[in-house]
Amino acid sequence: MVYDPHDTEARVQEKWRGANLFKMEEKPGVPKYYCLEMFMYPSGRIHMGHVRNYTIGDVVARFHRMRGENVLHPMGFDAFGLPAENAAIKGQAHPKEWTDSNIAAMKVQLDRMGLMYDWGREVRTCEPEYYRWNQWFFLKMFERSLAYKAKRRVNWCPGCKTVLANEQVEDGTCWRCHSAVELKEMEQWFLRISDYSNELLGGLASLPEWPAEVVAMQRNWIGRSEGAYVDFAVDGRPEKIKVFTTRIDTIYGATCVVLAPEHPMASALASAAQKSEVESFKAAMRGQSTHDRATSKEKKGVFTGSFAVNPFSKERIPVYLANFVLMEYGTGAIMSVPAHDQRDFEFARQYGLPVRVVVQPGGLTVEGMKEASPLDGLLEESGPFTGMNNREAMKVMAAKAAAEGFGEAAVTFRLKDWGISRQRYWGTPIPVVNCESCGTVPVPEKELPVLLPYDVPLTGKGESPLARVAGFVNAKCPKCGGPAKRETDTMDTFVDSSWYFLRYTSPKEKGRAFSQEAASYWAPIDFYIGGIEHATMHLIYFRFFTMVLRDLGLIPFGEPARRLMCQGMVIKDGAKMSKSLGNIVDPDAMIERYGADAVRLNILFLSPPWDQLDWKESGAEGAARFLNRVYDVVEEALPYLGGPVTPPRDGEGLALRRKTHQTVGRVTAELAERLKLNTAIAALMELCNAQQAFLSGFRQTPEERFALKESVEALVTMLSPFAPHLCDELWEKLGHEGFLVLGPWPSFDAKIATEDEVTLAVQVNGKLRGQITVARGLSDQEVLAAAKENPKVKAHIEGKAIVKELVVKERIVNLVVKG
RNA sequence: GCCGAAGUGGCGGAAUUGGCAGACGCAGGGGACUCAAAAUCCCCCGGUCGCAAGGCCUUGCGGGUUCGAGUCCCGCCUUCGGCACCA
């Protein structure tokens with residue numbers, strides 16, 4: 001009998017719908033479980049990456065529900081963003097219609113997969129009821145100076161015609177369209193994520209169930225470094241140059257001070273003689289992005305004509321501007337110590353500046369020096385500090401600087417504030433007006449939402465589209481009532497995704513972003529699944545938002561997700577699936593061919609969820625074959641299940657019971673803890689194989705009937721999170737009513753799972769020589785005696801002296817012999 | 001350069017965290033059923049020597065610890081990912 005998945009899947013899905021099975025009903029007195037997959041961008045079609053991501057979540061969510069827990073497993077849409085707008089520019093449809101119709105199409109696809117989503121909780125970020133709360137959070141942050149406007153050099157993507165956050169620049173290109181990013185001086189809104197650098201970094205230690213690589217990437221990205229600020233006086237001028245250094249111990253070796261070309265003091269420090277050179281250098285640097293400068297590596301600079309005074313040695317050293325000093329990091333100024341910093345070394349060689357060794361690791365001389373020495377050692381030529389260990393000197397010298405008022409120990413971070421202004425239409429309007437007399441004025445809360453107008457000319461030409469909508473732009477100043485103009489930039493869509501997980505807990509809530517009661521019941525997320533590409537974007541932003549929301553008193557926790565899993569990429573024939581390579585696998589076509597259950601099973605069976613996965617069609621055939629075998633086993637067993645049953649105490653019946661309970665133990669452990677879903681499926685396959693073998697020798701006794709019934713029902717139940725359609729169908733065949741997802745999960749009996757005989761391997765000198773099967777619970781002496789009796793072992797120990805005897809309970813015996 | 005992950009049969013991958021390497025599946029070979037095919041079922045399937053019993057080798061490479069190492073330690077090689085003129 002061949003099982004037809006299409007017929008079954010359609011019928012079973014209809015029953016689920018009829019029973020409103022996926023609506024979450026909270027029961028009192030049971031644990032909660034919030035299982036969340038990163039919501040989707042409504043591009044129009046789901047791909048294999050979605051299939052994998054959502055199947056993992058679905059299996060885990062179903063499992064927890066079967067165990068009787070309150071499970072929140074929602075899905076929604078990250079519905080603002082560029083593709084919708086670009087489609088409109090191409091004249092396809094209004095972004096709103098484009099988005100809505102894509103969502104409708106994708107929901108059909110998701111339902112076909114059999115995914116257990118409570119659509120009653122769906123969230124769409126482009127709805128005013130959602131984005132008004134983006135605006136509200138913005139106002140709250142504005143009140144606390146966590147949102148501010150500043151003129152900065154920002155990343156401009158000429159392809160997307162908008163500004164990008166630092167996190168959205170990859171290798172000097174736009175994360176979305178990969179155009180080379182340019183630097184532009186623009187007035188922008190920023191969120192002060194840097195205020196949370198310390199907590200974002202420290203909090204990582206409280207996330208043991210996050211993947212090590214994500215934690216490492218975030219740590220790297222936040223980039224803490226310990227050092228000191230030191231003020232250098234400028235000879236003959238009142239102002240001081242503040243530098244940041246991690247090597248204050250090398251300060252006696254500083255032979256110049258170098259400023260970034262954009263440093264605010266750069267022009268002022270130019271002497272009359274150097275003025276034109278300084279200005280032309282600044283002009284040359286202006287067009288170059290940090291990325292361009294970094295990749296050229298060549299050190300370029302110009303002397304300003306001014307001199308700085310080393311506050312320790314009082315030495316007078318020249319002040320330069322150079323391309324390798326970044327305005328964005330530290331203070332935008334450094335002290336240059338050529339002997340102990342490679343960049344400074346190269347710069348010194350280029351411009352003929354002196355090189356002086358001040359930390360002696362042993363045998364280091366300036367003559368013949370090919371590169372800087374970063375090593376530790378004892379200070380030399382360092383005034384009163386000479387002879388001191390350099391690590392010690394760092395502390396002492398920073399303390400001296402602080403005591404004398406020309407510096408202090410300091411920690412700096414690489415993490416910069418989050419620029420959220422986007423010069424595009426399809427996003428959340430920033431709730432601010434610019435009044436001629438009052439300046440920047442936030443829109444009062446009661447006027448929210450600032451609605452995104454529907455009719456907006458979209459040309460893709462570059463400035464904010466909203467600026468062309470007079471009805472939107474012209475507003476009254478909330479403060480003075482005078483004429484004002486609205487902010488026409490919209491927010492980065494990563495703002496939307498920074499708190500959506502909280503909205504799911506009370507998606508219909510009015511008057512607040514979310515119900516605080518619901519949020520503190522459900523959140524933090526127990527299990528969060530998504531792609532690793534968000535490691536330093538979404539996954540850092542939503543941690544930041546969670547901390548801010550906690551500080552606003554809205555939630556009682558600061559970390560949004562307890563456990564994170566990043567599913568591996570789905571590739572085909574060793575290459576990433578892409579349209580240009582023509583190796584896209586269409587989920588719909590796969591479901592058409594093998595059924596949703598087989599597709600789900602295959603994508604989970606092929607490798608552990610977090611590993612890269614090479615989609616193999618033959619695997620889907622294998623999965624379908626297995627489901628067929630399960631179907632056959634049930635069909636074959638069915639006629640035998642009616643008669644009287646008695647628990648078996650020995651023989652094949654007991655052996656099958658053992659296998660059944662061992663499988664329950666293994667599968668439960670995988671689903672509850674380890675989540676190596678491929679091995680859970682392997683265990684189920686083994687159980688099915690055992691049942692097949694059992695049936696071929698089935699003797700129709702009440703004992704064997706008991707074992708068979710128990711085993712088959714356990715298999716169908718445990719397979720149901722993976723292949724929910726087939727299993728619900730089989731459950732009905734087996735004479736049961738209702739749905740497997742409502743539980744219960746099979747109970748595990750350790751006593752039955754444990755064999756009363758154990759097979760041990762016997763080694764002689766660490767080499768496997770034989771096996772013995774003995775009763776459980778024998779003493780080591782008895783086990784050793786049995787081992788020595790084994791004929792194969794005997795042959796290897798005969799005539800030799802046994803030097804050592806080892807027994808590892810229920811595993812192995814090792815006899816060490818000599819001679 | 002720094003940080004992280006990984007390297008196991010023809011392939012995807014297992015291995016209870018130091019205890020029988022290769023579970024489970026895919027591909028392949030042989031057989032049964034069939035007029036035939038599909039489907040299904042049974043057997044074989046890391047390498048090597050051997051008729052066989054069995055021996056030897058084998059988890060990227062080289063050392064080490066241990067009765068015992070895919071797993072731990074030291075030193076390399078390779079691949080992938082992230083960051084990178086960050087002072």
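These values consider heavy atoms only, across backbone and side chains, with no hydrogens, waters or symmetry-generated copies. Note on naming: letters A, B, ... go to the chains in the order of the sequence lines (proteins, then strands), and numbering restarts at 1 for each one.
- Under the Watson-Crick and G-U wobble criteria, each requiring two contacts below 3.5 Å, nucleotide B:rG18 is left unpaired.
- For A:K792, the salt bridge (charged side-chain N to carboxylate O under 4.0 Å, His left out) test picks out no residue, with sequence neighbours left out.
- Checking B:rG75 for Watson-Crick or G-U wobble geometry (two distances, each under 3.5 Å) identifies B:rC61 as its partner.
- No contact: A:G223 has no heavy atom under 4.0 Å from any strand.
- Applying the salt bridge (charged side-chain N to carboxylate O under 4.0 Å, His left out) rule to A:K788 yields the partners A:E805; only residues at least two apart in sequence or on another chain are considered.
- With A:W221 as the aromatic partner, A:R414 meets the cation-pi criteria of under 6.0 angstrom to the ring centre and within 45 degrees of the ring axis.
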Identify each atom pair where a protein N or O and an N or O of nucleotides 81-83 of chain B are less than 3.5 Å apart, giving names and distance.
| from | atom 1 | to | atom 2 | distance (Å) |
| --- | --- | --- | --- | --- |
| B:rG82 | N2 | A:N220 | ND2 | 3.2 |
| B:rC83 | O3' | A:R414 | NH1 | 3.2 |

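- For A:A212, counting side-chain heavy atoms from C-beta on, the closest listed nucleotide (B:rC11, B:rA5, B:rG19) is B:rA5.
- The residue A:H796 sits close only to the backbone: its heavy atoms come under 4.0 Å of sugar-phosphate atoms, none of a base.
- Counting any heavy atom pair closer than 4.0 Å across all strands shown, A:P211 reaches no nucleic acid atom.
- Heavy atoms of A:A216 sit under 4.0 angstrom from primed sugar atoms or phosphate atoms, though from no base atom.
- Contact annotation: A:R224 does not reach the phosphate of B:rC86 (side-chain N/O to OP1 or OP2, under 4.0 Å).
- Base pairing of B:rA52: no nucleotide in any strand meets the Watson-Crick or G-U wobble criterion (both distances under 3.5 Å).
- Considering only side-chain atoms of A:R811, the nucleotide from B:rC85, B:rU16, B:rA14 that sits closest is B:rU16.
- Base orientation for B:rU17: syn, the chi torsion being within 90° of 0.
- Regarding contacts with the backbone of B:rA87, a side-chain N or O of A:S225 is found under 4.0 angstrom from either OP1 or OP2.
- Distances from the side chain of A:Y329 to the nucleotides B:rG12, B:rG25, B:rC86 place B:rC86 closest.
- Base orientation of B:rG9: syn, the glycosidic angle falling within 90° of 0.
- Take the nearest nucleotide of RNA chain B for A:F413 and for A:A623: the residue whose nucleotide is more 5' is A:A623.
- Two residues, A:I334 and A:V214, neighbour RNA chain B, and the one matched to the more 5' nucleotide by heavy-atom proximity is A:V214.
- Taking 4.5 Å as the limit, every side-chain heavy atom of A:I529 sits out of range of all side-chain heavy atoms of A:M38.
- Looking at heavy atoms from C-beta onward, A:H263 lies out of side-chain contact with A:T331 at the 4.5 angstrom threshold.
- Across all strands shown, B:rC26 is found opposite B:rG10 as a Watson-Crick or G-U wobble partner, with both distances under 3.5 Å.
- Looking at heavy-atom distances under 4.0 Å, A:Q692 makes contact with sugar-phosphate atoms alone, never a base.
- Between A:Y320 and A:F347, the distance separating the two ring centers is shorter than 6.0 angstrom.
- The side chain of A:R625 lies closest to B:rA27, out of B:rG19, B:rA27, B:rC24.
- Phosphate proximity of B:rA14 to A:K676: present, with a side-chain N or O under 4.0 Å from OP1 or OP2.
- In this structure, the ring of A:F312 has its center less than 6.0 angstrom from the ring center of A:F406.
- Contact annotation for A:V816: backbone-only contact, meaning every heavy-atom pair under 4.0 Å involves sugar-phosphate atoms and none involves a base.
- Heavy atoms of A:N689 sit under 4.0 angstrom from primed sugar atoms or phosphate atoms, though from no base atom.
- Contact record, A:M718 with A:T663: CE-CG2, 3.9 Å, taken as the closest heavy-atom pair.
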